[in-house]
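Shown next, in structure tokens, is the structure this report addresses.
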Amino acid sequence: MSLRFALQLNPNPVNPTRRAEIMADPGFGRHFTDHMARAVWTPDGGWQDSEIIPFGPIPMHPAAAVLHYAQEIFEGMKAYRHADGSIWSFRPAANGERFARSAQRLALPELPVPDFMAAIEGLVAADQVWVPQEGENSLYLRPFMFASEPFLGVRPANEVTFMVIACPVGAYFSGGVKPVSIWLSSTYTRAARGGTGEAKCGGNYAASLAPMIEAAAHQCEQVCFLDAAEGRYVEELGGMNLFFVTADGRIVTPELGTILEGVTRGSILILAKELGLEVEERPVAISEWQEGAATGAITEVFACGTGAVVTPVGRLVWEGGEVTAPMTGADDSVAMRVRRQLMDIQYGRAADPYGWMTRLA
Ligand SMILES: *Cc1c(COP(=O)(O)O)cnc(C)c1O
């Protein structure tokens, strides 16, 4: 039997006028709903105290292990409102399974997928009014788990807290899809074999911030990381996976191992076959990108993830050069076609032949 997340109603929800103001221009990650899900784990009691509670600050002991040793993982997913008012999520079990794999790597307790789903369903049911109706807005869901035990010794924590918070978010590209510029870092790497590259943990993001500053200094918005062993192969961006489309009808993406296994990445691999492209998961040398984009052997490059769905990659910039693939951002590019197809499924405008959508409310 899965955990029950009983609802403790917020006696002071955001008033409807203020909520309407927020929903009109939600931005990303600044405005949160009225409730949040919470459960606590101990070795003896397992998962307990599972509840949907009023949204608000959480008491934290200054010695909570997460603040010192970063024993923390998270997920990112969305709830979409369809034209008939129903609320859906895209492959939520895939996020739940990845959350369990991340937990294992960070020596956190595994939260069974049915419990992960129960938390999501409980929160979305309580905060239905926060799921946007307009355009390509959605409710972003942020499950996370952290070592809450107050203890400075270095070992897996004996008290762990799981939470889900939610915020309405606007269309990622409000003024139309815009290609991103990417800085190729030769100073920093993201993940090494045996490291935490495959886990969705806060520590990976903390380590990506200095490279982001380097990117900004070169007028770039994102960083492309190369493999740590040889500095030759493309891995991914700080929070998005990469795809390459070739002139001879192939779609290529770096193989799994030290990269994060994106749900969007996996879904695009399936949709690309439908578009008649041959799919390849394999090492991609950075020289293949640099030379291929210049000669036109690579027609387009794009990044993907839950937030932006698909983002065309414009310039790739490195110390001493830059290149842009010729088809970047074109309306009939593979990037834009898979983007439309994915979003049509997510918003219920297209059939869902793979059973990717789960109804939440
Ligand atoms: C979350 C994330 C992605 C994208 O994963 P999706 O499941 O598609 O949202 C890609 N790379 C990293 C490093 C990530 O943390």
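The chain is numbered in sequence order, starting from 1. Both backbone and side-chain heavy atoms feed into the values below; hydrogens, waters and symmetry mates do not.
- Between Phe162 and Phe116, the ring-plane angle classifies as tilted under the 30° and 60° cut-offs.
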How far apart are the C-alpha atoms of Thr258 and Glu198, what are their side-chain angles, what is the distance that settles it, and do they pass the side-chain hydrogen bond (donor to acceptor under 3.5 Å, both in side chains) test? CA-CA 5 Å; Thr258 51; Glu198 280 184 298; over 6 Å; no
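- With His31 contributing its side chain and Val169 its backbone, the two residues share no donor-acceptor pair below 3.5 Å.
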Before giving the answer on side chain to side chain contact (heavy atoms under 4.5 Å, CB included), spell out for Cys167 and Trp130 the whole-Å C-alpha distance, their side-chain angles and the decisive distance to 0.1 Å. CA-CA 8 Å; Cys167 51; Trp130 286 95; over 6 Å; no
Give the C-alpha distance, both sets of side-chain angles, the deciding distance and a yes or no for side chain to side chain contact (heavy atoms under 4.5 Å, CB included) between Val14 and Phe32. CA-CA 10 Å; Val14 174; Phe32 295 88; over 6 Å; no
Assess the residue pair Ile87 and Tyr80 against the criterion (side chain to side chain contact (heavy atoms under 4.5 Å, CB included)); give the C-alpha distance rounded to whole Å, side-chain angles, the decisive distance to 0.1 Å, and a yes or no. CA-CA 6 Å; Ile87 300 168; Tyr80 310 89; over 6 Å; no
Derivation and outcome, side chain to side chain contact (heavy atoms under 4.5 Å, CB included), residues Val164 and Ile120: CA-CA 7 Å; Val164 188; Ile120 301 283; 4.2 Å; yes
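- Remark: the backbone N or O of Asp49 is paired with a side-chain donor or acceptor of Arg38 at under 3.5 angstrom.
- The backbone N or O of Trp183 sits nowhere less than 3.5 Å from a side-chain atom of Gln222 that would complete a donor-acceptor pair.
- With hydrogens and angles disregarded, no donor-acceptor distance shorter than 3.5 Å links the side chain of Lys78 to the backbone of Ser89.
- For the side chain to side chain contact (heavy atoms under 4.5 Å, CB included) test with Cys224, the passing option among Val317, Ile182, Val313, Val301 is Ile182; the others fail.
- For the pair His82 (side chain) and Asp84 (backbone), a donor-acceptor distance under 3.5 Å is absent.
- Checking each of Arg101, Arg142, Arg98, Arg91 against Glu75 for a salt bridge (Lys or Arg N to Asp or Glu O under 4.0 Å) leaves exactly one that passes, namely Arg98.
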Going through the checks in order, is the side-chain hydrogen bond (donor to acceptor under 3.5 Å, both in side chains) test met by Glu300 and Thr328? CA-CA 5 Å; Glu300 42 177 312; Thr328 299; over 6 Å; no
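- No side-chain donor-acceptor contact under 3.5 Å links Asn241 to the backbone of Cys304.
- Below 30°, between 30° and 60°, or above 60°: for Phe244 and Trp289 the angle between ring planes is above 60°, a perpendicular geometry.
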Between Thr42 and Gln48, is the side-chain hydrogen bond (donor to acceptor under 3.5 Å, both in side chains) condition met? List the steps. CA-CA 8 Å; Thr42 62; Gln48 58 208 287; 3.0 Å; yes
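- Of the possible donor and acceptor atoms, one in the side chain of Asn204 sits under 3.5 Å from a partner among the backbone N and O of Ala199.
- Remark: the backbone N or O of Leu242 is paired with a side-chain donor or acceptor of Thr253 at under 3.5 angstrom.
- One distance of note links CD1 of Ile73 with CZ of Phe99; it measures 4.0 Å at 0.5 Å rounding.
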